[in-house]
Trainee: 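If you scroll down you'll find the structure; I have some questions about it.
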Amino acid sequence: MNGLFILLRGLTCVASLSSLILLGLVLFLRDAASTAKQGVQALGYATTLFATAFTKGTAPEETEWQVSPWQMMIGLLSLAMLASVFTPATRWFLHLVGVLAAIVMSGYARMIFTGASLEIVCLPFLAVWFGYYAMCLCWHVPAPLR
């Protein structure tokens, strides 16, 4: 049973890191698309200005890149999942991460019914953590301090 716990612990670590990496890619790809769009608008504006001898042209609108609260919550959950790998005997922290995971799962359920976004790629990693959570609560008995 100890070997299974160590394997699940390693999988949870990899899953939480993968979730952070995928969330970072989603944020980068969304920002890269908006940055490219703004670049094309700026290039079109400059071309129009030079072609009309600085008499015509509409300045491109400025939009700021923002991280949504949903994305911050997924990132916080991923970091908490990673921290829980190193503290399997701290039950209050495991329960706290479990509550946060339940909140994120309800957000995923809402997202599935209202229209999925790219953050849905982080959903399978929660199943690995819930397996680790169950293993920590049911089978893992912390070693006594010496």
Side-chain angles (χ1 to χ4, degrees), residues 1-50 57-146:
M1 216 31 118
N2 198 22
L4 179 64
F5 178 72
I6 291 172
L7 177 68
L8 198 54
R9 197 172 177 183
L11 284 174
T12 302
C13 184
V14 169
S16 62
L17 287 174
S18 298
S19 179
L20 281 172
I21 290 169
L22 284 173
L23 185 63
L25 280 173
V26 166
L27 292 175
F28 172 74
L29 291 176
R30 281 201 183 143
D31 188 43
S34 66
T35 302
K37 179 183 172 188
Q38 287 177 354
V40 168
Q41 288 176 349
L43 183 64
Y45 174 62
T47 304
T48 304
L49 278 178
F50 283 114
T58 306
E61 74 254 4
E62 292 184 18
T63 56
E64 291 186 23
W65 177 70
Q66 295 180 357
V67 178
S68 70
W70 173 246
Q71 293 165 339
M72 284 188 269
M73 186 168 283
I74 294 172
L76 179 66
L77 174 64
S78 298
L79 286 174
M81 285 175 13
L82 183 62
S84 72
V85 169
F86 300 106
T87 59
T90 312
R91 290 185 183 247
W92 66 269
F93 184 68
L94 288 171
H95 294 316
L96 183 70
V97 176
V99 168
L100 185 60
I103 292 169
V104 169
M105 286 293 290
S106 67
Y108 274 129
R110 184 186 56 83
M111 182 190 309
I112 288 171
F113 294 120
T114 60
S117 65
L118 284 176
E119 288 85 5
I120 200 84
V121 298
C122 299
L123 179 63
F125 300 119
L126 283 176
V128 175
W129 186 84
F130 276 118
Y132 170 73
Y133 180 55
M135 188 83 157
C136 284
L137 294 181
C138 298
W139 290 292
H140 179 67
V141 178
L145 295 174
R146 296 180 188 187

Trainee: Could I get the full list of side-chain hydrogen bond (donor to acceptor under 3.5 Å, both in side chains) partners for S19, not counting sequence neighbours?
Mentor: S78
Trainee: I need the C136 SG to R9 CZ distance, nearest 0.5 Å.
Mentor: 7.5 Å
Trainee: List for me each residue that meets side-chain contact (heavy atoms from CB on, under 4.5 Å) alongside L22, sequence neighbours excluded, and say none if there are none.
Mentor: L25, V121, C122, F125
Trainee: Hey, could you give me the CG/OG distance between L11 and S16, rounded to the nearest 0.5 Å?
Mentor: 10.5 Å
Trainee: Quick one: side-chain contact (heavy atoms from CB on, under 4.5 Å) partners of L76, sequence neighbours excluded?
Mentor: L100
Trainee: If the condition is side-chain contact (heavy atoms from CB on, under 4.5 Å), which residues does L79 pass it with, not counting sequence neighbours?
Mentor: L20
Trainee: Could you measure the distance from the OG atom of S84 to the CH2 atom of W129? Nearest 0.5 Å is fine.
Mentor: 5.5 Å
Trainee: Give, for atom CG of L43 and atom OG1 of T48, the distance between the pair rounded to the nearest 0.5 Å.
Mentor: 9.0 Å
Trainee: Donor-acceptor pairs are to be reported for all side-chain atoms of residues 92-99 against protein atoms at under 3.5 Å, with residues two or more places apart or in another chain.
Mentor:
unit_1, atom_1, unit_2, atom_2, d
H95, ND1, Y133, OH, 2.7

Trainee: How many angstroms lie between CZ in F130 and CE in M81, if you round to the nearest 0.5 Å?
Mentor: 9.5 Å
Trainee: Quick one: list whatever passes side-chain contact (heavy atoms from CB on, under 4.5 Å) with V104, sequence neighbours left out.
Mentor: W70, M73, I74, L77, Y108, L126
